[in-house]
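The first residue of the sequence shown is numbered 1, and numbering continues consecutively from there. These values consider heavy atoms only, across backbone and side chains, with no hydrogens, waters or symmetry-generated copies.
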Amino acid sequence: MYMAHLTNRHIGDVFPVFDDAGRLTEVCLIRPEEFDTAPVKKEHEAICAYLESYPDGECPLKFDELVFEGRSDFHKNVYKNLFLLPKGEVITYGRLAEISGSKNAARAVGTAMGTNPYPLIVPCHRVVRSDSLGNYSSGVHKKVKLLEAEGAHWK
């Protein structure tokens, strides 16, 4: 089950919900400036289908179908490289900066993660520090649960 408030394929925030046993039970999506409860439009069906099947489903979208208005070329490159990272794998901020063309831009990668318009689709929870998990906008405990749901090993 999920609740989706989407506009032009921009998601805003994703709130994974876990039961008492720590199982992922729901994905809640809210775009803060859009509190309209109109039915989800047809163009959002692929996003909703993916989130409904998360973490077992495969994303049916191509990176080029996502819109990154107002993002720098570096951020778009970071998002593209992260989009291609398979489930169950993690990458450090530094390594993601390096493969995105700027090996000394780990902090800029962190900024890109904090402004990611497609959480779970561009899986920012898979980006970790070299010495720890790092931060996550919905809380580190949710980052841990998402990584566990995907079978990722980060320690």
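Tyr79 places a side-chain N or O within donor-acceptor distance of the main-chain N or O of Ala112, the cut-off being under 3.5 Å. Checked by atom type and distance alone, the side chain of Asn77 never pairs as donor or acceptor with a backbone atom of Asp73 at under 3.5 Å.
Minimum heavy-atom separation, Lys143 to Asn135: NZ-O, 3.1 Å. Ala97 and Ala106 make their closest contact through CB-N, 3.8 Å (heavy atoms, listed as atom of the first residue, atom of the second, distance). The two residues Met113 and Cys124 make their nearest non-hydrogen contact at SD-CB, 3.5 Å. Of all heavy-atom pairs between Ile121 and Cys59, the closest is CG2-SG, 4.1 Å.
Residues that satisfy the side-chain hydrogen bond (donor to acceptor under 3.5 Å, both in side chains) test with Ser72, not counting sequence neighbours, are absent from this structure. In this structure Tyr93 satisfies the ring-ring contact (aromatic ring centres under 6.0 Å, His included) test with no other residue, sequence neighbours excluded. Ser102 is linked by a side-chain contact (heavy atoms from CB on, under 4.5 Å) to Phe74, Ala105, counting only residues two or more places apart in sequence or in another chain. Taking Asp64 as the reference, nothing meets the side-chain hydrogen bond (donor to acceptor under 3.5 Å, both in side chains) condition, with sequence neighbours excluded. Every side-chain contact (heavy atoms from CB on, under 4.5 Å) that Glu98 has, sequence neighbours left out, goes to Arg95, Lys103. Qualifying side-chain contact (heavy atoms from CB on, under 4.5 Å) partners for Val144, counting only residues two or more places apart in sequence or in other chains: Leu133, Val140, Glu148, Trp154.
Under the 30°/60° scheme for interplanar angles, the aromatic rings of Phe68 and Phe63 are found to lie parallel.
Expressed to the nearest 0.5 Å, how far CD of Glu89 lies from CD of Glu150 amounts to 10.5 Å. Note that CZ of Phe83 is 9.0 Å distant from NZ of Lys62, once rounded to the nearest 0.5 Å. Considering NE2 of His141 and CG of Leu146, their distance stands at 10.0 Å, rounded to 0.5 Å. A distance of 8.0 Å separates CZ of Arg71 from CG of Asn116, quoted to the nearest 0.5 Å. Between the CD1 atom of Ile99 and the CG atom of Leu85 there is a distance of 7.5 Å, given to the nearest 0.5 Å.
Summarising the local packing, NZ of Lys80 is surrounded by 12 or fewer heavy atoms from other residues, nucleotides or ligands at distances under 6.0 Å.
Side-chain contact between Arg126 and Ile91 is absent, with no heavy atoms from C-beta onward closer than 4.5 Å.
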